[in-house]
Amino acid sequence: MISLILHGSNGHMGQVVSDIIEADPDVEITAGIDVTGEKKRDYPVYSSLTDCTEEADAIIDFSTAAAVDPLIAYGTERNIPMVICTTGLSETQIGSIRASEKVAIFRSANMSLGINLLIKILKENSKTLCDAGFDPEIIEMHHSRKLDAPSGTALMLADAVNSTENDSYTYTFDRSQRREKRDPKEIGISSVRGGTIVGEHDVIFAGQDEVLEFRHTAYSRAIFAKGAVAAAKFLSGKGPGLYDMSDVIG
Ligand SMILES: NC(=O)c1ccc[n+]([C@@H]2O[C@H](COP(=O)([O-])OP(=O)(O)OC[C@H]3O[C@@H](n4cnc5c(N)ncnc54)[C@H](O)[C@@H]3O)[C@@H](O)[C@H]2O)c1
């Protein structure tokens with residue numbers, strides 16, 4: 001049995017993770033941590049990290065960017081591997097996660113199998129398209145409550161395309177103040193926000209007289225929760241290091 005601490009346990013994702021774990025006999029939640037401090041399930045919920053002394057094989061985090069630094073300090077101090085799913089992290093935060101050498105950390109801005117497979121496909125094929133003059137553009141759509149834009153997933157997809165071109169492309173998030181043609185060495189990233197859209201990502205390669213599109217649609221948050229639980233199982237017992245979904249799906 002793998003035991004987990006759930007950080008951000010009372011949020012939308014925290015509750016879906018709780019549902020997935022309730023139905024999984026191999027995993028249990030020993031404690032939740034959430035600023036609300038409200039107990040919603042059959043595990044205790046602490047409003048502060050320092051109050052949580054329960055044992056766990058891993059921590060799953062779906063909270064907010066500001067809460068991630070104290071969580072990493074806590075997990076490192078207690079030597080508990082962490083699955084960091086929160087998005088909107090700053091470059092400094094991502095840098096300190098990459099530099100972590102004391103504990104296993106799994107970070108992915110998107111825990112779904114589909115998006116991580118799409119990243120693999122993009123890494124294998126973008127160079128052919130970019131070298132042939134296709135212009136990469138990404139459109140992402142999310143619910144109206146989402147705090148960060150563009151989505152962490154859109155940036156992951158852009159990075160996958162860019163990595164095949166030695167990171168020589170720049171990212172354009174807004175063309176409204178420009179009166180010039182599109183730079184062939186740019187990746188446009190556009191964000192749509194509204195309603196209850198769980199998450200949609202389109203990667204478009206627009207070429208001369210032909211367009212190739214890759215689309216991933218998330219119909220439910222369960223895909224992210226399942227990925228996070230799979231990541232926690234994978235991480236349990238792992239030594240220090242930085243892991244992501246490519247380690248799980250190969
Ligand atoms: N990586 C992925 O696959 C993936 C998928 C979905 C969402 N996310 C990200 O996960 C995060 C959470 O998403 P959500 O939709 O559940 O948001 P949410 O706002 O519904 O939930 C966040 C929870 O964190 C709690 N929280 C806030 N500050 C805290 C703190 N200092 N300590 C502990 N808890 C704190 C809030 O009270 C809330 O219950 C977001 O960053 C979102 O973009 C990632």
Side-chain angles (χ1 to χ4, degrees), residues 4-21 29 31-41 43-52 54 58-75 82-90 93-94 97 105-119 140-157 159 191 193 195-201 216-232 234-235 242-246 248-249:
L4 300 174
I5 290 173
L6 184 54
H7 189 238
S9 56
N10 286 351
H12 288 78
M13 281 308 306
Q15 289 301 296
V16 182
V17 172
S18 302
D19 290 340
I20 299 287
I21 290 177
I29 299 174
I33 299 163
D34 198 292
V35 275
T36 59
E38 187 192 340
K39 181 172 159 50
K40 291 189 173 180
R41 304 281 180 137
Y43 53 80
V45 175
Y46 301 98
S47 58
S48 160
L49 282 162
T50 47
D51 295 336
C52 178
E54 267 78 358
I59 300 171
I60 292 181
D61 162 65
F62 279 103
S63 60
T64 184
V68 169
D69 289 343
L71 173 67
I72 288 174
Y74 172 87
M82 287 167 274
V83 181
I84 307 289
C85 307
T86 296
T87 63
L89 304 187
S90 68
Q93 285 178 302
I94 293 170
I97 288 173
I105 300 184
F106 189 112
R107 190 184 83 86
S108 177
N110 191 304
M111 304 300 291
S112 73
L113 175 63
I115 281 288
N116 285 283
L117 205 56
L118 175 54
I119 285 170
E140 58 99 347
M141 300 199 274
H142 282 90
H143 52 85
S144 56
R145 291 183 306 101
K146 187 164 177 62
L147 299 179
D148 50 317
S151 66
T153 304
L155 291 171
M156 279 168 68
L157 295 168
D159 289 348
S191 300
R193 292 287 174 269
T196 57
I197 302 169
V198 176
E200 181 148 325
H201 292 86
H216 178 266
T217 305
Y219 289 103
S220 134
R221 289 181 176 80
I223 58 171
F224 310 122
K226 279 182 194 158
V229 174
F234 166 85
L235 209 57
L242 185 59
Y243 304 88
D244 63 26
M245 267 300 179
S246 65
V248 178
I249 63 172

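All figures in this text were calculated on a predicted structure; none of them were measured in a lab. In each ligand, atom 1 is the first atom listed, and ligand 1 is the first ligand listed.
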S.K.: How would you list, by chain and number, every residue that makes a side chain to side chain donor-acceptor pair (under 3.5 Å) with Arg41, sequence neighbours excluded?
M.R.: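 For Arg41 the side chain to side chain donor-acceptor pair (under 3.5 Å) partners, ignoring immediate neighbours, are Gln15, Asp19, Glu22.
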
S.K.: Among protein heavy atoms, which sits nearest to atom 19 (O) of ligand 1, and what does the distance come to when rounded to 0.1 Å?
M.R.: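 Of the protein heavy atoms, Arg145 NH1, 4.2 Å lies nearest.
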
S.K.: Looking only at non-hydrogen atoms, which of His7, Glu38, His12, Met13 approaches atom 6 (C) of ligand 1 most closely?
M.R.: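 It is Met13 that holds the nearest heavy atom.
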
S.K.: Any nitrogen or oxygen of Arg221, side chain or backbone, less than 3.5 Å from one on ligand 1?
M.R.: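 The answer is no, given that Arg221 and ligand 1 share no N or O pair closer than 3.5 Å.
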
S.K.: Does an N or O anywhere in Asp148 fall below 3.5 Å from an N or O of ligand 1?
M.R.: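 Looking only at distances, the answer is no, because the N/O contact criterion of under 3.5 Å is not met.
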
S.K.: What protein heavy atom sits nearest atom 41 (O) of ligand 1, and how far off is it?
M.R.: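 Answer, as residue, atom name and distance: Thr87 N, 3.1 Å.
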
S.K.: How far does OG1 of Thr196 sit from NE2 of His12, to the nearest 0.5 angstrom?
M.R.: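 Output value for this atom pair is 10.0 Å.
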
S.K.: Compute the shortest N/O to N/O distance between Phe224 and ligand 1 and return yes if it is under 3.5 Å, no if not.
M.R.: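 There is no such contact.
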
S.K.: What's the shortest distance from atom 4 (C) of ligand 1 to any protein heavy atom, and which residue and atom give it?
M.R.: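 Of the protein heavy atoms, Phe62 CE2, 3.6 Å lies nearest.
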
S.K.: Among all protein heavy atoms, pick the one closest to atom 37 (O) of ligand 1 and tell me residue, atom and distance.
M.R.: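 Nearest neighbour among protein heavy atoms for atom 37 (O) of ligand 1, to 0.1 Å: Asp34 OD1, 2.7 Å.
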
S.K.: Return the residue, atom name and 0.1 Å-rounded distance of the protein heavy atom closest to atom 2 (C) of ligand 1.
M.R.: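 Sorting protein heavy atoms by distance from atom 2 (C) of ligand 1 puts Ala109 O, 3.3 Å first.
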
S.K.: Any N/O of Thr64 closer than 3.5 Å to an N/O of ligand 1?
M.R.: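 It does not: no N or O of Thr64 is found under 3.5 Å from an N or O of ligand 1.
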
S.K.: Name the option, out of Ser63, Gly11, Gly8, that contains the heavy atom nearest to atom 12 (C) of ligand 1.
M.R.: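 Of the listed residues, Ser63 has the closest heavy atom.
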
S.K.: Between Glu54 and Tyr43, does any side-chain donor sit less than 3.5 Å from a side-chain acceptor?
M.R.: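 The criterion, which ignores hydrogens and geometry beyond distance, is not satisfied for Tyr43 and Glu54.
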
S.K.: Would you tell me whether Ser48 and Thr50 have side-chain atoms, one donor and one acceptor, within less than 3.5 Å of each other?
M.R.: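 A donor-acceptor contact under 3.5 Å links the two side chains.
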
S.K.: Look only at interatomic distance and state if Met111 has a nitrogen or oxygen under 3.5 Å from any nitrogen or oxygen of ligand 1.
M.R.: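 Min N/O separation from ligand 1 is below 3.5 Å for Met111.
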
S.K.: For the CD1 atom of Ile5 and the OH atom of Tyr46, what is their distance to the nearest 0.5 Å?
M.R.: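 Between Ile5 CD1 and Tyr46 OH, I get 9.0 Å after rounding to 0.5 Å.
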
S.K.: Tell me, please: is Lys146 in heavy-atom contact with ligand 1, that is, under 4.0 Å?
M.R.: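 It does; at least one heavy atom falls under 4.0 Å.
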
S.K.: Applying the side-chain contact (heavy atoms from CB on, under 4.5 Å) test to Ile94, which of Ile84, Leu89, Val68 qualifies?
M.R.: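 The single option meeting the side-chain contact (heavy atoms from CB on, under 4.5 Å) with Ile94 is Leu89.
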
S.K.: Rounded to the nearest 0.5 Å, how far does CD1 of Ile20 lie from CZ of Arg221?
M.R.: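 It comes to 13.0 Å.
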
S.K.: Using a 4.0 Å heavy-atom threshold (strictly under), name the region of Ala66 that reaches ligand 1: side chain, backbone, both or neither.
M.R.: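 Near ligand 1, Ala66 shows nothing, with every heavy atom at 4.0 Å or more.
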
S.K.: As an exercise, identify every atom of ligand 1 less than 4.0 angstrom from a heavy atom of Thr86.
M.R.: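 In order of numbering, the contacting atoms are 10 (O), 41 (O).
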
S.K.: Counting each atom of ligand 1 from 1 as listed, which ones have a heavy atom of Thr36 under 4.0 Å away?
M.R.: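 In order of number, 37 (O).
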
S.K.: Could you list the atoms of ligand 1 found under 4.0 angstrom from a heavy atom of Val35?
M.R.: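 Close to Val35: 26 (N), 27 (C), 28 (N), 29 (C), 30 (C), 31 (N), 32 (N), 33 (C), 34 (N), 35 (C), 37 (O).
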
S.K.: Suppose we measure from atom 9 (C) of ligand 1 to each protein heavy atom; which comes out shortest, and what is that distance?
M.R.: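 Nearest neighbour among protein heavy atoms for atom 9 (C) of ligand 1, to 0.1 Å: Cys85 O, 3.7 Å.
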
S.K.: Taking all non-hydrogen atoms of both residues, which atom of Cys52 and which atom of Ala31 are closest, and how far apart?
M.R.: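 Here Cys52 and Ala31 meet closest at SG-CB, 3.8 Å.
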
S.K.: Which of the atoms in ligand 1, numbered in the order shown and given with their element, are less than 4.0 Å from a heavy-atom of Ala67?
M.R.: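 This gives 29 (C), 30 (C), 31 (N), 32 (N) as the contact atoms.
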
S.K.: Looking only at heavy atoms, which two atoms of Met111 and Ala231 are closest? And how far apart?
M.R.: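 Looks like CE-CB, 3.6 Å.
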
S.K.: Does ligand 1 come near enough to Ser108 that some N or O of the ligand is less than 3.5 Å from an N or O of the residue?
M.R.: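 Min N/O separation from ligand 1 is below 3.5 Å for Ser108.
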
S.K.: Please round to the nearest 0.5 Å and tell me the distance separating atom CG of Asp244 and atom OG of Ser108.
M.R.: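 Output value for this atom pair is 6.5 Å.
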
S.K.: Given side chain to side chain contact (heavy atoms under 4.5 Å, CB included), test Ile72 with Gln93 step by step and report yes or no.
M.R.: CA-CA 10 Å; Ile72 288 174; Gln93 285 178 302; over 6 Å; no

S.K.: Minimum heavy-atom separation for Ile197 and Met141, please, with both atom names.
M.R.: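 Smallest interatomic distance, heavy atoms only, reads CG2-O, 3.6 Å.
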
